[in-house]
Amino acid sequence: KAGVTQTPRYLIKTRGQQVTLSCSPISGHRSVSWYQQTPGQGLQFLFEYFSETQRNKGNFPGRFSGRQFSNSRSEMNVSTLELGDSALYLCASSWDTDEQFFGPGTRLTVL
Amino acid sequence: KNQVEQSPQSLIILEGKNCTLQCNYTVSPFSNLRWYKQDTGRGPVSLTIMTFSENTKSNGRYTATLDADTKQSSLHITASQLSDSASYICVVSDSAGKLTFGTGTRLQVTL
């Protein structure tokens, strides 16, 4: 069974631009969660989607948004990028509220 | 407020030596505790998962312990190898499935 995949793996953007990251969960998994990871901060929860609906949300500004498609694939969008948005963005999938399996992440650099 | 604290923040050990990482939590009501290993620039990979009734669980050279009374867990690594160099993250789930992440312990194994 294929694992969680994320595209692209690396991305460089400039301040003010917007970016869309993609996540394909493990086949059969209905929940997709997104996390931001920066050095010293650990994993910060962004939001979780379950069956195309946002089920949980972290404490990030409205510039961070996401959606989930009927095939459970999910996208995350960040608008008006700031330097502080540079981070590793991780996606994790699970069947429901059980163990999460993480993807390799997308490394976003904002210049 | 649910919190997970890990210690030490970082650790350097010689190859072949053992080490123990600590995790203290205040998550309530407790559901399960997981240890993840995260290589630099990659997504976390699950090592162990323990529920309330489990005191110890092993995965090869990794042994996790849980004391639900004192709300403490440890991850013991036996006969360390260079490939053990990574960040180790403790994650605690409450009964609603909400996850609280520790900031991790960065382990470096040297020759």
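Naming convention: chains lettered A, B, ... in sequence-line order (proteins, then strands); numbering from 1 in each chain. Scope of the values below: all heavy atoms of this structure, side chains included, with no hydrogens, waters or symmetry mates.
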Using non-hydrogen atoms only, which part of A:Phe101 is less than 4.5 Å away from chain B: side chain, backbone, both, or neither? neither
Name the region of A:Leu90, side chain, backbone, both or neither, that has any atom closer than 4.5 Å to a heavy atom of chain B. side chain
If we check side chain to side chain contact (heavy atoms under 4.5 Å, CB included) with B:Ile77, which of these qualifies: B:Ile13, B:Leu107, B:Thr63, B:Asn18?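 Going through the options one by one, the only one that passes is B:Leu107.
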Just by distance, do the side chain of B:Asn59 and the backbone of B:Leu47 share a donor-acceptor pair under 3.5 Å?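 Flag set: sc B:Asn59 to bb B:Leu47 pair under 3.5 Å.
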Does the distance from a Lys or Arg side-chain N to an Asp or Glu carboxylate O, for A:Asp85 and A:Lys13, drop under 4.0 Å?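 Result for this pair is no, no salt bridge flagged.
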Heavy-atom closest pair, residues A:Gln100 and B:Tyr36: O-OH, 3.1 Å
Sort B:Gln38 into side chain, backbone, both or neither according to what part of it lies under 4.5 angstrom from a heavy atom of chain A. side chain
